Amino acid sequence: MIATRSISMLKATIGRGVQILMALMLLITVLPIWLLIVLLIWCDDGRPFLFAQSRVGLNGSVFTIYKFRSMVKGAEFVSVPDASQALKPRRDVRVTRVGGWLRRFSLDELPQLINVLRGDMALVGPRPHLRSELKNYAPEQQRRLSVKPGMTGLWQVSGRAEKTFAEQMTLDLHYVDHQSIWLDMWIVFKTLPAVVFGRGAY
């Protein structure tokens with residue numbers, strides 16, 4: 001029992017170390033792109049450059065997620081359609097010119113490397129939901145919160161905004177039930193073409 005627990009703790013420690021190393025390497029690699037994005041946002045719509053929002057993470061804990069701001073100032077206070085009832089809107093007047101480009105190629109997500117370094121998120125996992133979206137969870141879907149949310153995940157490489165809320169949940173639960181290093185590697189491998197070609201972006 002003790003040996004099994006020790007092995008689990010060792011695996012978790014090694015996994016966390018790998019996540020930190022990979023996040024640092026990615027952060028250093030994309031730093032020039034990061035600076036360019038800040039400049040573009042500033043020229044297009046001024047400050048702030050980052051958008052911070054409360055999201056639900058591991059075991060229902062609440063954390064602050066970071067993104068490059070892609071919407072006009074104050075857009076987070078504007079009501080949007082319920083994601084459980086329809087597909088996410090293909091066009092949104094709240095999105096800035098630069099923001100639309102950032103979203104198409106998921107570049108607005110780059111600041112979430114900070115969340116990975118802080119331990120709020122993993123590189124791969126279900127996308128973190130808003131607290132208001134938890135009311136749409138069926139009882140059996142609560143186990144979605146049993147793993148850390150990720151920057152990319154199974155539904156992101158399977159259509160992103162083209163998937164309904166129910167379809168997203170099905171894919172996320174499949175990930176939870178079959179999580180492995182090999183599945184994570186496959187998702188990372190599939191993420192690159194999905195991002196480069198803007199597949200399923202919104």
Side-chain angles (χ1 to χ4, degrees), residues 23 26-57 62-118 120-133 136 149-165 167-168 172 187-188 190-202:
L26 285 170
L27 189 57
I28 294 172
T29 301
V30 302
L31 185 58
I33 299 175
W34 190 309
L35 296 176
L36 175 61
I37 290 172
V38 167
L39 178 61
L40 291 174
I41 294 174
W42 185 26
C43 292
D44 184 38
D45 197 44
R47 301 174 63 182
F49 310 122
L50 292 180
F51 170 70
Q53 188 179 54
S54 295
R55 294 291 179 98
V56 180
V62 177
F63 70 97
T64 300
I65 195 173
Y66 298 102
K67 294 185 178 186
F68 283 121
R69 185 169 64 86
S70 60
M71 288 187 172
V72 295
K73 299 165 188 175
E76 65 271 25
F77 301 110
V78 179
S79 61
V80 294
D82 189 337
S84 67
Q85 302 299 321
L87 296 178
K88 293 189 177 182
R90 300 297 296 178
R91 298 184 65 181
D92 193 328
V93 295
R94 300 172 301 169
V95 178
T96 64
R97 290 175 299 174
V98 170
W101 175 74
L102 294 177
R103 286 181 163 213
R104 179 180 179 185
F105 299 104
S106 298
L107 294 174
D108 60 318
E109 312 282 357
L110 288 179
Q112 288 163 40
L113 288 169
I114 297 174
N115 290 113
V116 176
L117 291 174
R118 290 177 53 177
D120 302 322
M121 297 176 61
L123 291 175
V124 179
R127 289 296 298 164
H129 278 156
L130 296 166
R131 281 181 286 186
S132 61
E133 292 179 293
N136 299 317
M151 290 185 64
T152 186
L154 192 56
W155 78 260
Q156 286 93 325
V157 299
S158 304
R160 292 200 283 178
E162 296 172 355
K163 299 294 183 183
T164 64
F165 184 84
E167 290 171 332
Q168 294 170 19
D172 285 341
I187 291 172
V188 170
K190 296 287 286 185
T191 295
L192 185 57
V195 169
V196 170
F197 295 105
R199 294 172 184 166
Y202 56 89

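Computation of the quantities below employed the complete heavy-atom set of this structure, encompassing side-chain atoms and omitting hydrogens, waters and symmetry-equivalent molecules. Quick caveat: nothing in here was measured; it's all calculated off a predicted structure.
Across Val56 and Arg131, no two heavy atoms sit closer than the pair CG2-CG, 3.4 Å. The minimum heavy-atom distance between Thr96 and Gly99, with the atom names listed, is OG1-N, 2.8 Å.
In this structure, Met151 CE and Gln156 CD are separated by 10.5 Å, a value rounded to the nearest 0.5 Å. Rounding to the nearest 0.5 Å gives a distance of 10.5 Å between CH2 of Trp155 and OG1 of Thr164. Atom NZ of Lys67 and atom CG of Asn115 lie 10.5 Å apart (nearest 0.5 Å). If you take CE on Met71 and CZ on Arg94, they are separated by 3.5 Å, rounding to the nearest 0.5 Å. With rounding to the nearest 0.5 angstrom, the OG atom of Ser70 is 11.0 Å from the CD1 atom of Ile37. Once rounded to the nearest 0.5 Å, the distance linking CD1 of Ile114 with CG of Leu27 reads 7.0 Å.
Of the possible donor and acceptor atoms, none in the side chain of Ser54 sits under 3.5 Å from a partner among the backbone N and O of Thr64. Here the side chain of Arg55 pairs no donor or acceptor atom with the backbone of Ile65 at under 3.5 angstrom. The backbone N or O of Asp45 lies less than 3.5 Å from no partner atom in the side chain of Arg97, so there is not a single donor-acceptor pair.
Side chains of Leu107 and Leu110 form a contact here, defined as non-hydrogen atoms less than 4.5 Å apart. Two residues are said to be in side-chain contact when any heavy atoms from C-beta on lie closer than 4.5 Å; Leu123 and Thr152 fail this criterion. Contact annotation: the side chain of Arg118 never approaches that of Phe63 to less than 4.5 Å [non-hydrogen atoms, C-beta and beyond]. With a 4.5 Å cut-off on side-chain heavy atoms, Leu117 and Leu113 do not count as touching.
Asp108 pairs with exactly one of Val95, Leu102, Ile41, Val98 by the side chain to side chain contact (heavy atoms under 4.5 Å, CB included) rule, that one being Leu102. Tested against Trp34, the residues Phe49, Phe68, Tyr66 include a single ring pair (Phe, Tyr, Trp, His ring centres under 6.0 Å) partner, Phe68.
A salt bridge links Glu109 with Arg127: the closest approach of a Lys/Arg side-chain nitrogen to an acidic carboxylate oxygen falls below 4.0 angstrom.
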